[in-house]
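In what follows, a structure is listed as structure tokens, so that the remarks can point back to it.
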Amino acid sequence: MPRYSTVLLVLVMLLSVGFTQPTLADDINTVFDELPDVANCEPGSLAEAEKEAVTAIVNRIRHLHGLSPVTYAPQYDEEVMESSLIIAANNEITHFPPSNSVCFSEVGARGAALSNLAWSYPTDASVRPLLAPSATDVRNWLIDPGVPDLGHRRWLLDPFLREIAYGRVDAAPLGGDPNLLAHGAALKVQNSGVDGPLDRSPAFVAYPFGNYPLDLFELDWYWSFSAVADPLDFWGNADVDFSQATVRVRGIEGEMTVRNVATDDSAVGLPNLLQWKVDDLRLARSYTVEISNVRVKDEVRRYRYNVRITPPDFADLQVPVYELDGTDDAIDIRAGQEFALYAPPPSRIPNQYTISRRGMVVQMAEHSPYVRLMWVNGSIGDEVVLAFGESSLILRIAETSAGVRNPLFALRQDLGMPVYKFAASGSTYSAPQGSQFAVYVSPDVSAQGIQRVEWTQAAGSQFAIEFYSSRVLLVRIDAGRPGDLAVVQIGENQSFNIEIRRSR
């Protein structure tokens with residue numbers, strides 16, 4: 001009797017607990033030994049480090065649940081790479097791709113039918129793609145956001161799972177924008193001939209369980225429980241009845257609200273499942289779960305265990321991590337440096353942002369429901385504004401990729417012209433006719449940057465003034481006589497003067 005998988009439409013990343021984890025998979029040339037080529041229906045080849053990363057996080061997860069580790073099965077590499085190619089080439093996900101799909105193959109179709117699948121909307125790769133690490137897919141298969149039957153989680157937590165293989169393809173869909181990379185991935189979880197007695201057999205598989213890190217959990221999504229009724233035979237685990245079962249969760253506040261209780265006996269992983277949601281969870285609080293009236297092979301059983309959701313561990317990321325406490329309004333960052341933003345629940349990191357000028361490059365990849373990986377490039381003073389409902393956070397470039405922190409020196413290098421710092425209202429900057437320069441408004445003068453620009457000028461003179469960014473104005477003196485003056489209003493109560501001086 002076959003066991004079937006379900007479908008996932010998302011993506012995210014990693015952590016550690018006795019397993020070695022890689023750094024961010026941000027460079028496409030480190031993810032692949034051979035790049036995918038959709039035009040020629042070539043899936044490319046995945047770097048060994050990516051396969052190792054996926055095996056590591058799968059085993060890290062299984063370790064948290066007291067399950068035996070899996071081994072990597074390279075004989076399935078072709079299946080998972082071909083099925084990932086079908087997803088990326090068609091920019092859509094299905095376990096049963098039709099034969100007229102772009103880059104269809106029987107091998108890929110077999111891999112799609114027997115694997116957890118992932119797809120993500122194309123990401124901008126015009127300058128430098130920030131690809132989510134391969135372990136990202138595993139994290140989302142475990143959490144299974146938006147997948148109520150939790151099929152991907154059940155496969156990962158199947159005590160009888162012995163082998164896995166992983167494939168991914170990041171490439172522009174056929175006929176699409178070549179600068180937009182779709183992501184397709186597959187994890188082989190259904191293998192024939194590997195079922196047998198368990199060498200490690202917990203009494204149950206519960207999610208979450210014990211001290212459980214937040215990077216592997218979403219507070220308002222489903223908890224789950226499966227009884228290990230028979231460690232000798234997979235199908236013996238179908239003899240579990242949850243029809244009279246009750247679920248109670250208690251915390252220091254007392255009884256928690258348990259809702260959306262459901263059961264499922266399909267053979268997606270273990271063929272018994274009880275799932276529910278819990279309201280008003282808090283980080284670092286201890287909860288006791290009690291499940292009663294479970295009938296296992298004609299015996300009524302009760303299960304009891306503890307859960308504590310712990311903060312994520314970022315030691316493996318090897319990038320700066322900024323934790324937001326709700327009082328931040330701006331964070332200084334370095335141009336061209338990867339970093340992570342962590343907003344403890346109930347906050348969420350947004351996927352939308354605005355930039356202060358054209359020419360900036362912003363890349364964002366999901367890490368978990370509460371973390372985003374980011375890469376921002378631009379000039380000192382450039383800003384990215386992230387929206388949090390009614391509030392916002394400014395990411396401000398305060399250092400160049402070369403480590404220069406002096407904004408005037410850095411901007412002179414970028415712009416190739418003199419740059420003056422706006423020091424006080426009423427300041428005067430003198431320059432000859434035909435010259436151009438920039439004026440930089442620092443955060444200590446105006447937290448919000450330059451809100452508006454108006455100017456008046458002497459009759460017959462011509463001044464061109466335009467935004468370079470929200471903190472930098474470009475000034476050009478096209479015509480006029482020595483002594484001609486322009487008054488530039490840059491805010492409600494802030495202004496500076498430009499005076500034409502005699503050429504030397």
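- Looking at Leu214 and Thr310, their side chains never come closer than 4.5 Å, going by heavy atoms from C-beta outward.
- The structure places OG of Ser115 at 8.0 Å from CH2 of Trp141, a figure rounded to the nearest 0.5 Å.
- Here the straight-line distance linking atom CZ of Arg471 with atom CD1 of Ile397 works out to 12.5 Å at 0.5 Å rounding.
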(request) For the pair Tyr222 and Tyr207, evaluate ring-ring contact (aromatic ring centres under 6.0 Å, His included) and give the outcome as yes or no after the intermediate values. (result) CA-CA 9 Å; Tyr222 280 105; Tyr207 171 91; over 10 Å; no
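- Counting non-hydrogen atoms of neighbouring residues, nucleotides and ligands closer than 6.0 angstrom, the CD atom of Glu78 reaches no more than 12 such neighbours.
- Between Ser134 and Glu50, the side chains place a donor N or O and an acceptor N or O closer than 3.5 Å (distance only, hydrogens not considered).
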(request) For the pair Asp382 and Asn377, evaluate side-chain contact (heavy atoms from CB on, under 4.5 Å) and give the outcome as yes or no after the intermediate values. (result) CA-CA 9 Å; Asp382 287 349; Asn377 207 11; over 6 Å; no
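- In this model, no donor atom of one side chain and acceptor atom of the other lie less than 3.5 Å apart for Ser84 and Arg168.
- Salt-bridge check for Arg396 with Asp444: failed, with every basic side-chain N at 4.0 Å or more from each acidic carboxylate O.
- Between the Arg334 side chain and the Ser401 main chain, a donor and an acceptor come within less than 3.5 Å of each other.
- The shortest distance between side-chain heavy atoms of Ile164 and Val58 falls below 4.5 Å.
- Of the residues Pro43, Cys41, Pro36, the one that meets the side-chain contact (heavy atoms from CB on, under 4.5 Å) test with Cys103 is Cys41.
- Smallest separation of non-hydrogen atoms from Pro133 and Leu373: CD-CD1, 4.2 Å.
- For the residue pair His183/Asp137, the side-chain donor-acceptor check at 3.5 Å is satisfied.
- Judged by distance alone, the side chain of Tyr166 and the main-chain N or O of Tyr72 form no donor-acceptor pair under 3.5 Å.
- Across Asp144 and Gly151, no two heavy atoms sit closer than the pair OD2-N, 3.2 Å.
- Between atom CG of residue Leu156 and atom CG of residue Leu216 there is a gap of 10.5 Å, rounded to the nearest 0.5 Å.
- The side-chain heavy atoms of Pro320 and Gln337, taken from C-beta on, include a pair separated by under 4.5 Å.
- A pairwise comparison of heavy atoms in Asp280 and Met256 identifies O-CE, 3.6 Å as the closest pair.
- In terms of heavy atoms, Ser101 sits closest to Ile86 at CB-CG2, 4.3 Å.
- Residue Val319 comes nearest to Ala340 through the heavy atom pair CG2-N, 4.3 Å, listed as atom of the first residue, atom of the second, then distance.
- Remark: Asp414 does not engage Arg412 in a salt bridge, criterion side-chain N to carboxylate O under 4.0 Å.
- In the displayed structure, Asn493 atom CG is contacted under 6.0 Å by at most 12 heavy atoms of other residues, nucleotides or ligands.
- In this structure, Asn90 contributes its side chain and Val102 its backbone to a donor-acceptor pair below 3.5 Å.
- Looking only at atom types and distance, the side chain of Asp215 has no donor-acceptor partner in the side chain of Tyr370 under 3.5 Å away.
- Residues Glu499 and Tyr429 have side chains not in contact (no heavy-atom distance under 4.5 Å, counting atoms from C-beta outward).
- Counting heavy atoms from C-beta on, the side chains of Thr400 and Ile380 come closer than 4.5 Å.
- Heavy-atom minimum distance, Ser446 versus Val441: CB-CG1, 4.1 Å.
- Taking OG of Ser461 as the reference point, atom CZ of Arg481 lies at 8.5 Å (rounded to 0.5 Å).
- Side-chain contact, Ser379 with Tyr468: a donor N or O sits under 3.5 Å from an acceptor N or O.
- For the pair Ile252/Arg285, a side-chain contact is recorded, criterion being any heavy-atom separation below 4.5 Å from C-beta on.
- In this structure, Leu46 and Phe32 have side chains that are in contact, with non-hydrogen atoms separated by less than 4.5 Å.
- One finds the CZ atom of Arg405 at 5.0 Å from the CD atom of Glu399 (value rounded to the nearest 0.5 Å).
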(request) Applying side-chain contact (heavy atoms from CB on, under 4.5 Å), run through Phe217 and Leu142 and close with a yes or a no. (result) CA-CA 8 Å; Phe217 187 71; Leu142 176 69; over 6 Å; no
(request) Take Phe422 and Ile490, measure what side-chain contact (heavy atoms from CB on, under 4.5 Å) needs, and give me the verdict at the end. (result) CA-CA 10 Å; Phe422 178 77; Ile490 62 172; 3.9 Å; yes
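- Rounding to the nearest 0.5 angstrom, the gap separating the OG1 atom in Thr30 from the CD1 atom in Ile28 is 9.0 Å.
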(request) Take Leu117 and Trp119 through the side-chain contact (heavy atoms from CB on, under 4.5 Å) test and state the conclusion after the steps. (result) CA-CA 7 Å; Leu117 302 181; Trp119 166 84; over 6 Å; no
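- Geometric assessment of Lys421 against the ring of Tyr440 yields a negative cation-pi assignment under the 6.0 Å and 45° thresholds.
- Side chains of Gln275 and Ser224: no donor on one and acceptor on the other come within 3.5 Å.
- Note on Asp77 versus Lys51: salt bridge recorded, some NZ/NE/NH1/NH2 to OD/OE distance being below 4.0 Å.
- Note on Arg259 versus Asp279: salt bridge recorded, some NZ/NE/NH1/NH2 to OD/OE distance being below 4.0 Å.
- Inter-residue side-chain proximity for Phe437 and Ile498 is flagged as met; some heavy-atom pair is nearer than 4.5 Å.
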